[in-house]
Amino acid sequence: MSLSTGPSTGPPNAIPPDSPLLLGLNPEQRAAVALPREHALILAGAGSGKTRVLTTRIAWLLQTGQISPAGVLAVTFTNKAAKEMLNRLSAMLPLNVRGMWIGTFHGLCNRFLRAHWKQAQLPQSFQILDTQDQLSAIKRLYKQYSVDDERFPAKQTQWFIAACKEDGVRPPDVQARDAEARKKVEIYQLYEDQCQREGVVDFGELMLRSYELLRDNDALREHYQRRFGHVLIDEFQDTNRLQYAWIKQLSSSSSAVFAVGDDDQSIYAFRGARVGNMADFVREFGVRHQIKLEQNYRSHSHILDSANELISHNKGRLGKNLRTDQGPGEPVRVHESTSDFAEAQWMVEEMRQLLRDGQNGDGSQGVHSRNEIAVLYRSNAQSRVIETALFNAGMPYRVYGGLRFFERAEIKHALAYLRLLENPRDDTSFMRVVNFPPRGIGTRSTEQLQDAAHSAGCALHDAVSAVSGKAGANLSAFVAKLDVLREQTHGMGLRDIIETVIAHSGLVEHYQAEREGAERVENLQELISAAESFVSLEGFGRDAVALPVDMDTGEPADTGETLSPLAAFLTHAALESGENQALAGSEAIQLMTVHAAKGLEFDAVFVTGMEEGLFPHENALSDHQGLEEERRLMYVAITRARKRLYLSHSQTRMLHGQTRYNIRSRFFDELPEHALKWLSSPAPGLNPASAWGPSREPAPVSSSTDWTAAIKPLANASSPGAHAWVRGGVQVFHHKFGEGTVLSLEGSGEDARAQVKFGRHGIKWLALSVAKLTPI
DNA sequence: TCCAGCCACTTTTTT
DNA sequence: AGTGGCTGGA
């Protein structure tokens, strides 16, 4: 580390190193916070005080007068992280949030495009399509142009478009080799035209349009480069190609990019994240300062040893080893159960014990609050059994994930009405509510309307007069209703607008008549409250999404073109989909996927379903990269725990309505034996398979291949009769695929299938009644 | 046009 | 198992 030298630009580094801001930081953290004005990469391990360093860095830059608030650009991925940063910052110094650019990638791009909507060739009040909206827009387009949904599934097209945009690729730039690829590109182009015509942008477009505007408009780019002396990025390992390119546009020789990330916690490759951006950043920006934060303030060393050992099995890491001053603590407990049901049962018992010990003041042994216990799983489907067990035990719990507030159907409907007031051209919203609540406008009518709009090249809203007969009358009535509402709400405050629109939409009456509609009506009420609190949001929260910004001062521009409160609120709804679940703060066991747990920490953590095919997930097993990402995911799971960590696997598990027989995860074999405590059979030992002897013949015992493990014979009638010898871990021969290893089984009788890993042919699912498998 | 029943799907997710 | 989307009959 070379830290003693002063910066080549900006004020001298003559700031007293004993500034109160730096107190309590370890040497590496201090070094990071007080770095000179140069590009830097901070490799921040789990629990190493990453957010603290990031926020203290900003506070330090401001307090020492090295930069003014308008010169700071700080980017995160989630609204939660952005809020956290702002909260911590304002706790450190009196904060002038005006003109400070702290937010999510998409939030900041939105802000940028609102400020420069003309140059970006967008309507001022452009609306944002979320993932649902985008899919329905594509489906609408499919109908219009008679695209075969069988050959080009809309979901895949959506994925394709998103992936293109994440790579910064417009339709003309796509490399299309065959006819099928050319068709996809054609659809992509049609989709783009449709969005542009309707005045809407999807999430990818927010980023891409911002990037292109910066790239192509020299004056604008230079302005922002001059303005942002410091660019700080959180979770850098999660950035995609486009985000990286965007950062490049915003930085110049006079600015400093401060990237914080952890390559070992990169778990979002499936949505375009490129860990490689870290290495690229070092190379392309000529990064001289790389600081590793390896001091962990979260976990005891048995837990950290496990994490370190596991992740050491990955190749091509930037290299990092967590350490702690806390003692070894308790061993990592490993548990095996016979079924997912039994696993859940066992967990409930263990939780009870933990909480009992915590209450008795038994010090280190227990956990004092249910909030401090988390159950992590690889896939959402696993939560059900656990929920049932917790429910039956009367143990309060909270499940994260699932529908967010602004994604609920009733809310989307209400928002669609509101969006149509703001922008009648928004055909996605038009289609969503044209017949909701039902008003006699069926498929037939809308098809006529769509055809009319298509041939006239106008919006659905403007084509109603072209439809004749009863259908035309109904459509006209609907449009008239919208127009009246628009007139009626003109000049109203946000709350009143929303209240009026909900009242006249017929949504409340519709849901009131429904059996399960009460909650939906409540949610509509909640939307009104949400609007109220949005209005009362002071300063940053609203400015961030709403106001155009003066290019020179960074202050909100008084252009007389201020975005309407309604448009601002709609943007807010699209960019911040709301809390995952209410009940926050209540005393409850926390249930979530490992992905959702990233960034969180708990006293006690249960990682469940540690089985081959589940964790690591079968879909990730085919390639090396996939497996390494699974391992990083496991690393994230382990490092969530402060004091106690449980790793649990089960011999059988209900999945998609069928019992599957799984062998335990290979990750167990990558953990340090000294840190583990086996709560149940298999007995401890480096090779648990040996507990059942070395037999390999059609016997109820596994092979001794290193990563496979022993599976007990299943004492039940559902095991696949004639193929009873086919078990997890057994070596088999297939006439076509050659030698392989059975990974897992599912189904029974005629339906029994085995998942087999073959050397050259990869992993296959084989129906036992068809495939001729012989034991080796 | 609407609703009921059938079929296919099922890793992870933020904006 | 559970859900969401689609088809076909009323």
Side-chain angles (χ1 to χ4, degrees), chain A residues 75-82 103-110 128-136 139 149-150 153-155 159 162 165-166 201-208 210 235 238-240 242-243 266-273 340 376-385 388 400-404 406-407 409 435-447 470-471 474 545 571-578 580 592-599 609 613-622 626 629-630 632-634 636-637 653-660 746:
Chain A
V75 207
T76 64
F77 274 87
T78 64
N79 291 300
K80 199 176 153 199
T104 64
F105 276 103
H106 294 87
L108 294 176
C109 284
N110 171 64
I128 299 165
L129 298 186
D130 68 12
T131 320
Q132 288 175 40
D133 300 330
Q134 190 186 25
L135 187 63
S136 51
K139 285 186 175 163
D149 191 80
E150 299 270 286
K155 274 251 172 65
W159 183 85
K165 292 191 178 185
E166 274 159 10
V201 298
D202 60 39
F203 287 130
E205 189 68 24
L206 279 175
M207 284 290 329
L208 184 50
S210 305
E235 306 277 16
D238 289 338
T239 52
N240 61 35
L242 179 57
Q243 286 158 340
S266 162
I267 55 173
Y268 285 110
F270 70 92
R271 65 172 199 214
D340 49 350
L376 309 186
Y377 34 81
R378 176 66 240 268
S379 67
N380 283 304
Q382 288 169 252
S383 76
R384 187 154 245 112
V385 209
T388 308
Y400 288 76
L403 269 196
R404 330 273 279 260
F406 287 112
E407 290 166 0
N435 197 35
F436 197 96
R439 49 173 72 88
I441 302 174
T443 333
R444 199 55 178 279
S445 307
T446 51
E447 268 173 16
K470 186 122 193 302
N474 285 341
V545 293
T571 301
H572 166 79
L575 288 178
E576 198 162 343
S577 35
N580 256 328
M592 65 192 86
T593 62
V594 182
H595 282 92
K598 191 175 159 205
L614 243 194
F615 202 177
H617 196 275
E618 57 200 16
N619 295 1
L621 289 178
S622 48
E629 178 141 324
E630 293 292 302
R632 291 193 291 269
L633 199 50
M634 183 65 201
V636 168
R653 186 173 296 278
M654 280 291 272
L655 200 64
H656 313 320
Q658 282 185 314
T659 306
R660 285 180 45 157
E746 67 172 39

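Chain identifiers are assigned alphabetically (A, B, ...) following the order of the sequence lines, protein sequences preceding nucleic acid strands; residue numbering begins at 1 within each chain. Note: hydrogens, waters and symmetry copies are ignored here, and every other heavy atom, side chains too, is used.
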Asker: Are A:R378 and A:E630 ion-paired here, with the side-chain N under 4.0 Å from a carboxylate O?
Answerer: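 Looking at A:R378 and A:E630, the cut-off is met.
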Asker: Mind checking if A:N79 touches a base, just sugar-phosphate, or nothing, with heavy atoms under 4.0 Å?
Answerer: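 Here A:N79 touches the backbone only, sparing every base.
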Asker: Rounded to whole angstrom units, what separation is found between the CD atom of A:Q658 and the C1' atom of B:dC9?
Answerer: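 Taking CD of A:Q658 and C1' of B:dC9, I get 14 Å after rounding.
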Asker: As an exercise, state the distance from SG of A:C109 to CG of A:L242, rounded to the nearest 0.5 Å.
Answerer: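 With rounding to 0.5 Å, SG (A:C109) is 7.5 Å from CG (A:L242).
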Asker: With a 3.5 Å cut-off and no angle check, do the side chains of A:Q134 and A:T131 form a donor-acceptor pair?
Answerer: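 Per modelled atom types, A:Q134 and A:T131 side chains form no pair under 3.5 Å.
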Asker: If I compare all heavy atoms of A:F270 with all of A:W159, which pair ends up nearest, and what's the gap?
Answerer: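 In this case the closest contact between A:F270 and A:W159 is O-NE1, 4.5 Å.
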Asker: In whole Å, I'd like the distance from the NZ atom of A:K165 to the C1' atom of B:dT14.
Answerer: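 Atom-to-atom, A:K165 to B:dT14, this comes out as 16 Å.
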Asker: From CZ of A:F203 over to P of B:dT14, roughly how many Å is that when rounded to an integer?
Answerer: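 So the two atoms are 11 Å apart, to the nearest Å.
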Asker: Between the main-chain N or O of A:R439 and the side-chain N or O of A:N435, is there a donor-acceptor pair closer than 3.5 Å?
Answerer: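 Side chain of A:N435 to backbone of A:R439, a donor-acceptor pair under 3.5 Å: yes, one is there.
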Asker: With 3.5 Å as the limit, what N/O pairs link the protein to nucleotides 10-13 of chain B?
Answerer:
from   : atom 1 : to     : atom 2 : distance (Å)
B:dT11 : O4'    : A:H617 : NE2    : 3.1
B:dT11 : O2     : A:R378 : NH1    : 2.7
B:dT11 : O2     : A:R378 : NH2    : 2.3
B:dT12 : OP1    : A:N380 : N      : 2.7
B:dT12 : OP1    : A:N380 : ND2    : 2.9
B:dT12 : O4'    : A:R378 : NH2    : 3.0
B:dT12 : O2     : A:R378 : NH2    : 2.6
B:dT13 : OP1    : A:T593 : OG1    : 2.7
B:dT13 : OP2    : A:N380 : ND2    : 3.4

Asker: Classify the nucleic acid contact of A:D130 as base, sugar-phosphate or nothing, counting any heavy atom under 4.0 Å across all strands shown.
Answerer: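 Nothing, no heavy atom under 4.0 Å.
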Asker: So, the side chain of A:N474 versus the backbone of A:I441: is there a donor-acceptor pair under 3.5 Å, distance only?
Answerer: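 Flag not set: sc A:N474 to bb A:I441 has no pair under 3.5 Å.
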Asker: What's the CG-P distance between A:L403 and C:dT3, to the nearest Å?
Answerer: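 These atoms are roughly 12 Å apart.
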Asker: Roughly, in whole Å, what's the span from CD in A:E407 to C1' in C:dG4?
Answerer: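 Atom CD in A:E407 sits about 16 Å away from atom C1' in C:dG4.
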Asker: Starting at the 5' end of DNA chain B and moving along, which residue's nearest nucleotide shows up first, A:T446 or A:H106?
Answerer: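 Its nearest nucleotide lies further toward 5', so the answer is A:T446.
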Asker: Please report, rounded to the nearest Å, how far the P atom of C:dG4 is from the CD atom of A:Q132.
Answerer: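 Distance, rounded to whole Å: 11 Å.
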Asker: Is A:K598 salt-bridged to A:D238, going by a charged N under 4.0 Å from an acidic O?
Answerer: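 Yes, A:K598 and A:D238 are salt-bridged.
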Asker: Rounded to whole angstroms, how far apart are NZ on A:K155 and C1' on B:dA8?
Answerer: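 About 12 Å, once rounded to whole Å.
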Asker: Kindly say if A:T131 contacts the phosphate of B:dT15, meaning a side-chain N or O under 4.0 Å from OP1 or OP2.
Answerer: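 No.
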Asker: How many Å lie between CD on A:Q243 and P on B:dT14, as a whole number?
Answerer: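 Rounded to whole Å, this separation is 14 Å.
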Asker: Among C:dC6, C:dT3, B:dC2, which nucleotide sits nearest the side chain of A:K139?
Answerer: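 In terms of side-chain proximity for A:K139, the closest of C:dC6, C:dT3, B:dC2 is C:dC6.
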